[in-house]
Amino acid sequence: MATTVENQVASNAKVLHSYLGGKWQTGAERGVPLVDPCDGTMLAWASSKGLDLKAALDYSRNVGGLELQKFSYAQRAELLGKIADLLATRREEWYEIARKNSGNTKADAAIDVDGSIGTIRYFAKIGTKLGDAHMLRDGAPIRLARDQNFQGLHIGVPLDGVAVHINAFNFPAWGLWEKAAVSLLAGVPVLAKPATSTAWLAQEMVAAVIEAGILPPGALSILCGPPNDLLDHLRLGDAVAFTGSAETGAGIRQHPRIQQGVRVNIEADSLNAALLGPDTALGSPSFDFFVREVVREMTTKTGQKCTAIRRVLVPAERAAAATDAIAAALSKVVVGNPANPAVTMGPLVNMAQRRSVEEGIRKLREQAQMAYQTESLAPVDASAEQGAFVPPTLLKLNRSAGDIVHELEVFGPVATVVPYRDKQDAFALARRGGGSLAASVFSSDTAFLSEAASALGTTHGRVLLVDPAIGDSHTGHGIVLPSLLHGGPGRAGGGEELGGLHGLWFYHQRVAVQGSAATLSALSAQAADPSAE
Ligand code: NAP
């Protein structure tokens, strides 16, 4: 890899280069360190200082965009298939980076890595049905006036700018590809900006794809290091897809370029709830499925999932039993260095996150009681002091207690049991998250489950209804599927991603076209209908 910017990076340190303007570039200073969260060992540096991001965006638009638009949807879907095949051959390398830089167990890494490959494959498959088209249509031509020859048609034209994808630290692989797959299929070039603290995996995956020469020039770029003035150079026709904290998301919304109309999708944080139905007796299948899911959500990726269960809503009369059952399951979690296969939960991503989670627990405790936490954490093959370890922590709210559990996202293996009086109270409590990504409801009463779907629908992006028939077969509360919408209202950002080919619309301008029946019929025939089976 060549460097084009003069830099003072130490020759013995691993440097994460950025791929911008069709070449590998390096920032001017050592920049931000990437560490192993088990012991703080320095793994790499990422710097974006001095990189010409205006030129990078221009190149993506002027070269990548034009090149990608020469391909039809089906041809671009074929490129996605090649990317998925390539990434799949190097799975073990990706797992290893995820273990070192994110503290992932193999199961955690698989959610990120295999989830990303599966998502690319999914879009490779469903993209082929769009065939030779270069634009979309939404429905059929409709008559607009007395003269039935005068008609209207909605079409979608791919954006002529660049898609800037800003991602969170917790899913460096999936976050990259769940956005890039849709954008590339749409024909819109990607400039990915992974979170700096875990950018290594994203950078290696992009490097593999670039080196394999699968994509045309300019179709895929990556910026490793802080965003600097990236957003200042956006213009009409570009799109920003952001995933991260509500705070950063709010700042991006305020950016002058966004205020001036550059399209944005925000996926932010969320206080997701799991709800145990009023009918579920202790020891019933629904009760057991509920407990298992809460524990899985608290500990998978050490609770660092935007969709993870933070609020555990249970009937007041069964709050003690549910708390005991969850605590008993949490006591079996083995915390430590994920290099040891006996470990079932690794560290948080770094010490800053550990401090943030510890502070979050302290704040929750101002209103909730500690229900379960290992007294003295002794992580396997690691030091409790030097590693970013936090034990699984369950709190319990008294019915009369305050608001913080509905307001504070503690991004770690932490959840709070919240007792409810009756189903209306349960729905009201779930809605107090202020807009969430996901809720799951466990019951064998199908009428109650249907009622929950509509009661929670206005404040949730996804609702998982678990009756015993799917207790063992559902994909999980926190798992985002490429065929379903991902996103949530309010605090969760108000965005929508994925949802099968529906996701393509974010990268297209929808246009209402008026004309004669013959003209619109010809236009319609050239466009593909993403909603058609
Ligand atoms: P973050 O601090 O908000 O950072 C997210 C991304 O934004 C990073 O790439 C960061 O770059 C970048 N960024 C920071 N300031 C920026 C600015 N002024 N302009 C443009 N980009 C900027 O979030 P995080 O700590 O990485 O991720 C954890 C949060 O993400 C949690 O709250 C979690 O709930 C949320 N999350 C949401 C979803 C979802 O789908 N809704 C999925 C995953 C995570 P640097 O790293 O270089 O600072």
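Computed from a predicted structure; not experimentally measured. In listed order, ligands and their atoms are each counted from 1. Position 1 is the first residue of the sequence, and the numbers go up from there.
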Task: Closest protein heavy atom (residue, atom, distance) for atom 12 (C) of ligand 1 - done: Ile166 CG2, 3.6 Å

Open item on the list: Just to confirm my output: which protein heavy-atom neighbour is closest to atom 26 (O) of ligand 1, and how far is it?
Closed with: Phe169 N, 3.1 Å

Open item on the list: Show, in sequence, the C-alpha distance, side-chain angles and deciding distance for His486 and Glu178, and conclude whether the side-chain hydrogen bond (donor to acceptor under 3.5 Å, both in side chains) test is met.
Closed with: CA-CA 10 Å; His486 172 56; Glu178 60 100 13; 6.0 Å; no

Task: Selection from Pro227, Ala492, Ala250 by shortest heavy-atom distance to atom 17 (C) of ligand 1 - done: Pro227

With a 3.5 Å cut-off and sequence neighbours excluded, list the donor-acceptor pairs that the side chains of residues 382-396 form with protein atoms.
residue: Ser383; atom: OG; partner: Glu385; partner atom: N; Å: 3.1
residue: Ser383; atom: OG; partner: Gln386; partner atom: N; Å: 2.9
residue: Thr393; atom: OG1; partner: Gln373; partner atom: NE2; Å: 2.9
residue: Thr393; atom: OG1; partner: Pro391; partner atom: O; Å: 2.8

Open item on the list: Please compare Asp269, Asn167, Val32, Thr248 and report which has the shortest non-hydrogen distance to atom 2 (O) of ligand 1.
Closed with: Thr248

Task: atom 44 (C) of ligand 1 - nearest protein heavy atom and its distance - done: Asn170 OD1, 3.3 Å

Task: Which residue and heavy atom of the protein sit nearest atom 10 (C) of ligand 1, plus the separation - done: Lys193 NZ, 3.9 Å

Task: Lys179 to Phe506 six-membered ring, cation-pi geometry met (6.0 Å, 45°) - done: no

TODO: Starting from atom 47 (O) of ligand 1, locate the nearest protein heavy atom and write down its residue, its atom name and how far away it is, to 0.1 Å.
DONE: Thr196 OG1, 2.5 Å

Task: Test item, His486 contacting ligand 1 (heavy atom, 4.0 angstrom) - done: yes

TODO: Look at ligand 1 and say whether Pro194 reaches it with a heavy atom at a distance under 4.0 Å.
DONE: yes

- [ ] Please verify whether a non-hydrogen atom of Phe171 lies at under 4.0 Å from ligand 1.
- [x] no

Open item on the list: Just to be sure I read this right, does ligand 1 sit under 4.0 Å from the backbone of Ala246, its side chain, both, or neither, counting only heavy atoms?
Closed with: neither

- [ ] For atom 37 (C) of ligand 1, find the nearest protein heavy atom and state the residue, atom name and distance (0.1 Å precision).
- [x] Cys306 CB, 3.1 Å

- [ ] Please determine if Arg355 and Glu358 form a salt bridge, counting it only when a charged side-chain N lies under 4.0 Å from a carboxylate O.
- [x] no

TODO: From the options Gly488, Gly225, Ala168, Gly244, select the one whose nearest heavy atom is closest to atom 35 (C) of ligand 1.
DONE: Gly244

Task: Protein contact of atom 32 (O) of ligand 1 - nearest heavy atom, named by residue and atom, plus distance - done: Glu409 OE1, 2.8 Å

Task: Contacts of Tyr122 that satisfy ring pair (Phe, Tyr, Trp, His ring centres under 6.0 Å) - sequence neighbours left out - done: none

